[in-house]
Amino acid sequence: MASIPLDVVAAPNDELRTDQLADWLRQIFGPLFLVIVGIVAIFFLFTREITRFVQFIVLAIGIGVVFYVPNIIETTARAIAKALGVDLT
């Protein structure tokens, strides 16, 4: 049986990786967000609450930017980590 050197097994991974977290968030919450936006928008249109519909759409666009603009989650995570004093280098 082959053995793994101890320095490989015991070496901690100190690297801050936000790529996989951002992908996971997009995969899980992105489609869920679109379904919720669609249901609420249809509800506001059927109840003829146009003002609330417009307010909701503006809010949904703002939140949608977080899920669908490339690298915004990574950039925000790095900014928060830097503000908290985490060394990213």
Side-chain angles (χ1 to χ4, degrees):
M1 196 185 239
S3 63
I4 301 173
L6 288 178
D7 60 336
V8 173
V9 174
N13 186 4
D14 293 336
E15 204 173 305
L16 181 63
R17 306 262 326 181
T18 59
D19 312 354
Q20 292 139 359
L21 174 63
D23 290 338
W24 182 79
L25 286 172
R26 284 187 189 105
Q27 289 174 356
I28 299 297
F29 292 113
L32 182 64
F33 171 73
L34 290 177
V35 168
I36 291 171
V37 166
I39 291 170
V40 174
I42 289 171
F43 171 76
F44 282 142
L45 286 177
F46 276 118
T47 57
R48 296 183 182 177
E49 297 182 34
I50 302 302
T51 305
R52 281 191 175 187
F53 171 73
V54 171
Q55 291 171 350
F56 176 74
I57 290 300
V58 169
L59 180 64
I61 289 171
I63 294 171
V65 165
V66 172
F67 289 114
Y68 294 107
V69 170
N71 297 328
I72 198 163
I73 295 175
E74 293 91 342
T75 305
T76 305
R78 285 190 188 104
I80 291 171
K82 187 175 180 181
L84 293 174
V86 177
D87 186 21
L88 300 175
T89 58

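Excluded from the calculations below are hydrogen atoms, water molecules and symmetry mates; all remaining heavy atoms, backbone and side chain alike, are included.
Taking CD1 of Ile63 as the start and CD1 of Ile36 as the end, the distance is 10.0 Å to the nearest 0.5 Å.
Counting only residues at least two apart or on different chains, no salt bridge (Lys or Arg N to Asp or Glu O under 4.0 Å) pair has a member in residues 33-45. Among residues at least two apart or in separate chains, salt bridge (Lys or Arg N to Asp or Glu O under 4.0 Å) pairs with a member in residues 34-49 are Glu49-Arg52.
Listed by chain and number, the residues in a side-chain contact (heavy atoms from CB on, under 4.5 Å) with Leu45 are Ile50, Phe53 (sequence neighbours excluded). Phe29 meets the side-chain contact (heavy atoms from CB on, under 4.5 Å) test with Trp24, Leu25, Leu32, Phe67; sequence neighbours excluded. Applying the side-chain contact (heavy atoms from CB on, under 4.5 Å) rule to Val35 yields the partners Ile39; only residues at least two apart in sequence or on another chain are considered. Checked against side-chain contact (heavy atoms from CB on, under 4.5 Å), Ile42 has the following partners two or more places apart in sequence or in another chain: Phe46.
A 4.5 Å side-chain heavy-atom check between Phe44 and Val54 finds every atom pair outside the cut-off. Gln55 is listed as a side-chain neighbour of Thr51, based on a closest heavy-atom distance under 4.5 Å.
What you find for Val37 and Phe56 is that their closest heavy atoms are O-CE2, 3.6 Å.
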